[in-house]
2 protein chains.
Amino acid sequence: MARSETRAERVYANLRGDILTGRLLPGQRLPFADLGARYSTSVGVLREALSRLVEQGLVLSEPQLGFRVTPVSEEDLRDLTSTRIDIETLCLRHAIAHGDLAWESRLVAAYHTLDRTPELASTQPPTVNEDWASAHAAFHAAVLEGCPSRRLRDIAASLRDASEIYRRWSRHLGSEDTRDIAGEHQALRDAVLARDVEKAEAALTQHISYTTQALLLSAPDNLMTAHDAEPAGTSPA
Amino acid sequence: MARSETRAERVYANLRGDILTGRLLPGQRLPFADLGARYSTSVGVLREALSRLVEQGLVLSEPQLGFRVTPVSEEDLRDLTSTRIDIETLCLRHAIAHGDLAWESRLVAAYHTLDRTPELASTQPPTVNEDWASAHAAFHAAVLEGCPSRRLRDIAASLRDASEIYRRWSRHLGSEDTRDIAGEHQALRDAVLARDVEKAEAALTQHISYTTQALLLSAPDNLMTAHDAEPAGTSPA
DNA sequence: TCCCGCCCGAGATTCGAAAATATATTGACA
DNA sequence: TGTCAATATATTTTCGAATCTCGGGCGGGA
């Protein structure tokens, strides 16, 4: 029709987006009937999309029982955080060592966009601003893009996606107030531009750690609560 | 019938094995008709299995054009090698820092199995011994299993799988003779048991590098040749 | 009353054919 | 004879129904 993007790709992208932005909650079951109605497609393409997400670790498959969004847990969050620190700082070292001027420029641009985008939308109650979320993702992606290894970049990106679930799923924390997120980003940018590996690593490590610590402090108990949420119908948009 | 392993899982495992062991060559196209005959299954489960492999980077998907085994290239091999060194040494550091006695014991066992398994089968011409290949994989897996981070272990394992394609695909090299592979493994084992991070890292790095260097030296030109191999029929079992 | 096995409904899995898209072939015209 | 358009063929993509499996409810026996 419009173009040659297969339906499977679109459904995959939609599903992925709905999981990453928290429209589908961790632990939630994903029956084919509901999903078929939600994305108006058949079982075959759903299985295909879900299989891909399983491989990414975003969805869990239990044979003969169906699929569900991967549940969150404190243990997984800790593992994910420490792995992200390992991989992202590794990527960062390579980026600082090998990144060229074009990379620096894209980084500066991404930082500027992020800096000028308000973090919270002016709704009642205040919610995460979608623009800020994507600017934030773009900034961190820009940092890591200086790394010459495609595989390493891909790994870092997938870990970052995984932790996006945690961020979104516990969006209304409040403890964010005590943090100077903008300052953290600026420190990271400056250290990178100065090609100061030590400082950059420290800044990135802190940035990642802080987010996890805030999550663990403010929501330690409901980390296991979302396992039996309502099925994925057409409504929750 | 026998059990509740879904057909999709079996086809996925078979396909994966056939790619990893080189029964399906890099670059080779994978038409549904041939695959359906080979694994005696329908298009749906094939798409599902192939999608998972795409997500792993073992298969490439071109919309409306079908699937093919991911081609090899010198550039990818270099990237893969350097990434493996980064990740596996990282994993190794964690393993040495956190691995317990049970881990040491499994490592010693795996080494012993590998040490007592002949590398080449006594056929004419000599081919890679399947038992050695799995013992080799098991040994390296055992090394990394001391790492407490499940995600990091999974990443390392997937990179190791990816490079298995290269190893298999260029199996008849001959330049292996000049290497003391057994010695390399022993050095790695000893350094790990001595909890000597420096030595262990060096041994692992060398081990990985040597393999790649041998490949690049002995087969630099046919790294781009397998792109139009014959389709995946039922015969080559 | 409690426990075991049978039956039934809900849902996942698999299939084979219809629809859509790309590639190869043919034939007409310059 | 060469090129382009139109047709025919091959292959992928999508669907909806048929098949199979799991879990729970029901009834009979201890």
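A, B, ... follow the sequence lines: proteins, then strands. Residue 1 opens every chain.
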Checklist entry - Looking at the side chain of L65(B), which of dT14(D), dT13(D), dT23(C) is the nearest nucleotide? => result dT23(C)
Next on the checklist: Could you walk me through whether R78(A) and E74(A) satisfy the salt bridge (Lys or Arg N to Asp or Glu O under 4.0 Å) test, starting with their C-alpha distance in whole Å, then the side-chain angles of each, then the deciding distance to 0.1 Å, before giving a yes or no?
Outcome noted: CA-CA 6 Å; R78(A) 289 187 191 280; E74(A) 181 176 332; 2.7 Å; yes
Item to check | D76(A): partners by side chain to side chain contact (heavy atoms under 4.5 Å, CB included), with sequence neighbours left out | outcome: S73(A), Y166(A), R150(B), R151(B)
Checklist entry - Which of the following nucleotides, dC15(C), dC15(D), dG23(D), is nearest to the side chain of T41(B)? => result dC15(C)
Item to check | Set of residues satisfying ring-ring contact (aromatic ring centres under 6.0 Å, His included) with respect to F139(B), sequence neighbours excluded | outcome: Y111(B), H185(B)
Checklist entry - For residues 42-49 of chain B, which residues have at least one heavy atom under 4.0 Å from DNA chain D? => result V43(B), R47(B)
Checklist entry - Taking only residues two or more places apart in sequence or in another chain, which ones pass ring-ring contact (aromatic ring centres under 6.0 Å, His included) with F32(A)? => result F67(A)
Item to check | Integer-rounded Å distance: dG11(C) P and L50(A) CG | outcome: 16 Å
Next on the checklist: Restricting to ring-ring contact (aromatic ring centres under 6.0 Å, His included), what partner residues turn up for W132(B), sequence neighbours left out?
Outcome noted: H136(B)
Item to check | Short side-chain N/O contact to dA20(C) OP1/OP2 from R7(A), under 4.0 Å | outcome: no
Item to check | Spacing between Q64(A) atom CD and dT13(C) atom P, to the nearest angstrom | outcome: 6 Å
Item to check | Spacing of F32(A) atom CZ relative to dT14(D) atom P, expressed in whole Å | outcome: 16 Å
Next on the checklist: To the nearest 10°, give me the bend of the helix from dT1(C)-dA30(D) to dA30(C)-dT1(D), comparing the axes of its five terminal pairs at either end.
Outcome noted: 10°
Checklist entry - Excluding sequence neighbours, so at least two apart, what forms side chain to side chain contact (heavy atoms under 4.5 Å, CB included) with S163(B)? => result L80(B), R84(B), R167(B)
Checklist entry - What is the distance, rounded to the nearest whole Å, between atom CZ of R29(A) and atom P of dC22(D)? => result 14 Å
Checklist entry - How would you list, by chain and number, every residue that makes a side chain to side chain donor-acceptor pair (under 3.5 Å) with E145(B), sequence neighbours excluded? => result none
Checklist entry - With sequence neighbours left out, which residue pairs that include part of residues 126-139 of chain A fulfil the salt bridge (charged side-chain N to carboxylate O under 4.0 Å, His left out) condition? => result E130(A)-R168(A)
Item to check | Candidate pair D79(A) and T83(A), rule side chain to side chain donor-acceptor pair (under 3.5 Å), full reasoning | outcome: CA-CA 6 Å; D79(A) 185 9; T83(A) 306; 3.2 Å; yes
Item to check | Nucleotide dT14(D), atom C1' - distance to CG of L35(A) in whole Å | outcome: 17 Å
Checklist entry - Expressed in angstrom and rounded to an integer, what is the separation of E62(B) atom CD from dT12(D) atom P? => result 11 Å
